[in-house]
Every structure is written in structure tokens, then in C-alpha cells.
Amino acid sequence: MEVCGGQTHSIVKFGVDELLPRDVTLVHGPGCPVCVTPLELIEKAIEIASRPDVIFCSFGDMLRVPGDKKDLLSVKAEGGDVRIVYSPLDAVAIARRHPDRQVVFFAVGFETTAPANAMAVYQADAQCVENFSMLVSHVLVPPAMEAILSSPVSRVQGFLAAGHVCTVMGYTEYEPIALKYRVPIVVTGFEPLDLLQGVYLCVKQLEEGRAEVENQYARAVQRDGNSRAQDLVREVFRVTARKWRGVGEIPQSGLALRERFARFDAETRFDVTGMAAEEPPECISGLILQGLKKPHECPAFGGRCTPERPLGATMVSSEGACAAYYRYRRIHTSEVVHGR
Ligand code: SF4
């Protein structure tokens, strides 16, 4: 299983899986931040962004994720002040420029984006920017890998861990997982050659009966990661249970603001903590995110669900497995031809 949606995208785009022997099957993991953000968080974002006193800031990829009835782009079309930013610090700067408005940043992502988001809250606190807040939906990779491996239906025999996550976090957290579940874990980059080498190292370990953490992405990743970034994340966030879209709640798998920074929590500031939402019943993205199904096995794929009219998040995000299969027409690939 490649963990990261960026790796999935590369694999499908360059046909890396089609170069592999038939005995090696790549399954696509839960590492697309847009895909695993729970539907109720999207609903909360839409509710907050619809308020006239709010400037709602987000990375562009969250704007088209469908909520129950609409998406953030529709809120913008209806007159809501929804803005695309390229850094959470841009949202803090907007808050400073508009002291009469509430400015909310939608903080979605894995360990990769956590340091910048932590920095935004830290700066808002230091500069007393009290009209800034953050809608937090941060998730962590190692607990998700453990949840997948603990499932009785898991087919995963090895992982390509996400290189950029490990650039921040290092890979010591993966060592007990490899040991406990007897799975090779190879920290892997995103270019086609990185992925092929990651698969090679993983299969080599399996053939030699080893289950270790190896670092294919040594040009960017060190074992202990970026300790200054980790310290900042720990200062601003605490580890908590988080719901993953399509997967459910995983203990200790997410980040929430610490008590000291709780006043920057948009959920409490706008009183949306209790909101809930139901997934479209025909969407099987949960099974895809756990590696149990491939996108083209969904009955809605390419018909009722397309990137223009997505039913589920894995069709919205450019890193989502369904979008990657649709874009590169993988409905006619080896999975069908070889009956994998
Ligand atoms: S094709 Fe659409 S409906 Fe089917 S799993 Fe993917 S996102 Fe969900």
C-alpha cells in the first residue's frame, strides 16, 4: 500500500503498477487529506463560511468538496467571502487587515501541513489577532496504518510511507509498527523511479523475511525528521481521536488545539461542534481508502460520479484515487485485463 495520495497520483499517471510483476499489487491508501476529511467538517466549514461577518480562507482543493447540499465554491457564488490562500499565515495577515471581521482558516492535512498551521496559531497568539480562528481537521499517518493492519480483512503486506510526512516527522514512529505487524515499511518519494525503488526494497524485504523501516527518500528524510517543526506542532496541538471519512474514528489519530490556544478553535467560536452529516450511501470511498476496493469497482465511477459532479471526496481531490483513475482512464488497466 502506498500511503499517500500524491504517490497514488504518480503511480496511476505513470503506470508504475503496470510495470510490476503480476504477483505485486499496489493498493491505494488513506493519505489524501481532502479525501479523509469527514463530511461533517465540510458541513461545518460551509455553515461558518455562510455567515456574513466571516472571511473563510482555505487551500483551493477544499472548495469543491461536496457537502450535503453544496460546496464552499457555491457559498462563494452566493456571496460568501470565501478566499483561497497559499499559506495559513496569509489568513492571519487578512485577519490583521480586517479587525472588524472574523477570519477562519480551514486547517486540513497530515503531519506535512501541521507545522505551518501551528505557526499561524502561534503567530496569531503572539500578535493578539483575536479575530482569527482555525477549523482543525488534522490527521496522523501512523495510527491509520495501525488501524489498517489491525483489520481482519487487511491485505496489506508492506507499506510505502509518505516521504514528505517523514521529512517533518522522521520515521522512528514506524519502527514499532514494522516490528509489531511484521510488515516492511519503506519511506518513499514521489517520482516514478522513487516509487519503483520503494516497491523493490519492500518486496526484497518480504523475500528475505525481513520487516524493517528503510529510507528510500534519503535525499529529503532523516530518521529524526525536523525537530523544530515537531516542537512547534507539539506546543500548539495535542493528539486526540479523529474521525476519518469512510473509515470512522481512529484513537489518537488526529490533532486538536491545546488548551492554551483553545480560543482560536473555530468549532467552539461558531458553535458548530454538534453538527453531523451522512455519507452518500452508494459511495465506497471508505473501502478504497482502506485498500479493499479499487475505484473502478464502484458502480457510480465515471457515471453518476465524475470530477465535474463528484459524489465522494476521492473523486474531488486531485490526489484522490477515484480522480486519478478517472483522469488517466484506468478503467481499462491491468486490474481488468488480468482480473486482479
Ligand atoms: S467513484 Fe465516486 S462514489 Fe464511487 S467511491 Fe469514488 S468518490 Fe465514491
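Every number for a ligand or one of its atoms is a count from 1 in the order of the listing. Because only heavy atoms are used, hydrogens play no part in the values below, and waters and symmetry mates are left out as well, while side chains stay in.
Using a distance-only test at 3.5 Å, with no hydrogens or angles considered, a donor-acceptor pair links the side chain of Gln205 to the main chain of Glu212.
Here Asp231 does not pair with Arg228 in a salt bridge; the nearest charged N to carboxylate O distance is not below 4.0 Å. Arg83 has no carboxylate O lying under 4.0 Å from a charged side-chain N of Asp90, or vice versa, which leaves the two without a salt bridge. Comment: Arg238 does not engage Glu259 in a salt bridge, judged by the lack of any side-chain N to carboxylate O separation of less than 4.0 angstrom.
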Could you go through residues 153-163 and list every donor-acceptor pair under 3.5 Å that involves a side-chain atom there, pairing it with any protein atom two or more places apart or in another chain?
residue : atom : partner : partner atom : Å
Ser154  : OG   : Ile148  : O            : 3.3
Ser154  : OG   : Val156  : N            : 3.3
Arg155  : NH2  : Gly291  : O            : 2.9

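Here atom 4 (Fe) of ligand 1 has protein N, O or S atoms under 2.8 Å from it, and they come to 1.
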**Item:** His164/Phe190 under ring pair (Phe, Tyr, Trp, His ring centres under 6.0 Å): CA gap, chis, key distance, verdict
**Value:** CA-CA 9 Å; His164 53 2; Phe190 303 87; 4.7 Å; yes
